[in-house]
Amino acid sequence: MTVPLTRSLYRTTAHAAGGRTGSVRTDDGRLDVRLAPPRKKVPGTTNPEQLFAAGFAACFTSALAEVAAEFGADASAARVACEVQLGTTDTPAGYGLAVTLTVGLPGWRAADLQALLHRADAVCPYSQAVRGNVPLTLLAVDVDLDVDVEGTAGDDRA
């Protein structure tokens with residue numbers, strides 16, 4: 001179901017040239033990156049899946065903080081890792097994405113955190129954008145397992 005905006009809170013435009021071997025730049029120039037396909041390790045480049053993962057992780061972290069505050073909890077120390085997979089599908093398009101959000105929050109056990117993740121999923125704009133189109137897994141972890149947001153999680157074979 002498509003949900004129209006009732007009011008615009010922010011607008012931005014990014015311009016791409018050259019597809020996966022080109023570049024992308026925002027109107028204000030704050031983002032200006034060269035692109036390369038995921039399988040190619042070209043220094044100084046990124047790919048659309050990495051950009052999507054970064055945006056989703058940041059947005060979900062904010063949604064989590066918002067819903068945690070409703071319960072009187074502070075989620076400022078939450079660790080969110082967003083894994084985006086690019087793969088093939090049995091559809092005419094042939095390609096698709098799958099997303100896993102792995103979240104840890106100090107002071108919360110994974111079993112208790114899962115309910116907050118589902119509430120954050122309900123309000124996160126990225127979650128709403130992919131709902132019904134992209135498989136999304138919400139994985140709560142105990143903080144001892146330390147969600148790695150700075151590592152190289154993910155599979156670069158795509």
Side-chain angles (χ1 to χ4, degrees), residues 1-6 8-14 16 20 24 26 30-31 33 35-41 45-91 93-158:
M1 171 176 80
T2 302
V3 179
L5 296 178
T6 56
S8 177
L9 301 175
Y10 175 73
R11 179 184 309 237
T12 188
T13 303
R20 289 181 169 273
V24 65
T26 56
R30 292 173 71 185
L31 177 69
V33 295
L35 302 172
R39 283 189 240 180
K40 296 190 178 190
K41 306 288 187 203
T45 65
T46 189
N47 61 63
E49 291 74 28
Q50 289 173 320
L51 295 170
F52 186 74
F56 205 151
C59 189
F60 196 85
T61 302
S62 291
L64 183 64
E66 180 181 320
V67 300
E70 293 173 9
F71 294 94
D74 178 10
S76 61
R79 305 282 291 193
V80 177
C82 178
E83 177 186 78
V84 173
Q85 295 178 59
L86 168 67
T88 59
T89 64
D90 291 331
T91 65
Y95 296 97
L97 299 175
V99 174
T100 300
L101 291 167
T102 305
V103 182
L105 180 59
W108 286 72
R109 290 185 12 234
D112 299 328
L113 182 57
Q114 197 67 42
L116 270 185
L117 297 190
H118 287 289
R119 178 71 183 113
D121 177 57
V123 301
C124 175
Y126 273 69
S127 291
Q128 292 176 42
V130 303
R131 189 165 289 116
N133 298 306
V134 174
L136 173 61
T137 302
L138 300 174
L139 182 61
V141 296
D142 290 324
V143 137
D144 319 4
L145 299 179
D146 194 25
V147 177
D148 181 12
V149 297
E150 297 174 12
T152 55
D155 187 343
D156 288 338
R157 291 178 289 176

Got L138 and F60 here, is their nearest side-chain heavy-atom distance under 4.5 Å?
-> yes
For the residue pair L113 and V103, establish whether any side-chain heavy-atom pair is separated by less than 4.5 Å. yes
Can you tell me how far the [atom1] atom of [X] sits from the [atom2] atom of [Y], to the nearest 0.5 Å?
{"X": "T46", "Y": "L51", "atom1": "OG1", "atom2": "CG", "result": "4.5 Å"}
{"X": "L97", "Y": "L136", "atom1": "CG", "atom2": "CG", "result": "11.5 Å"}
{"X": "Y95", "Y": "T89", "atom1": "OH", "atom2": "OG1", "result": "9.5 Å"}
{"X": "Q50", "Y": "L35", "atom1": "CD", "atom2": "CG", "result": "9.5 Å"}
{"X": "S76", "Y": "L105", "atom1": "OG", "atom2": "CG", "result": "8.5 Å"}

Check whether [X] reaches the backbone of [Y] with its side chain - one donor and one acceptor, N or O, closer than 3.5 Å.
{"X": "T100", "Y": "E83", "value": "no"}
{"X": "Q128", "Y": "V123", "value": "yes"}
{"X": "D142", "Y": "R109", "value": "no"}

Can you give me the closest heavy-atom contact between [X] and [Y], atom names plus distance?
{"X": "R11", "Y": "S8", "result": "NH2-OG, 4.2 Å"}
{"X": "V24", "Y": "A14", "result": "CG2-CB, 4.0 Å"}
{"X": "C59", "Y": "C124", "result": "SG-SG, 3.6 Å"}
{"X": "L64", "Y": "A75", "result": "O-CB, 4.1 Å"}
{"X": "C82", "Y": "A57", "result": "CB-CB, 3.8 Å"}

Applied to residues 111-124, the side chain to side chain donor-acceptor pair (under 3.5 Å) test, sequence neighbours excluded, yields Q114-H118, D121-S127, D121-R131
task = Begin with the C-alpha distance, continue with both residues' side-chain angles, and end with the deciding distance and a verdict on side-chain contact (heavy atoms from CB on, under 4.5 Å) for F56 and V84.
result = CA-CA 9 Å; F56 205 151; V84 173; 5.8 Å; no
After noting the C-alpha distance and the side-chain angles of V130 and V99, does the key distance pass the side-chain contact (heavy atoms from CB on, under 4.5 Å) rule?
CA-CA 9 Å; V130 303; V99 174; 5.6 Å; no
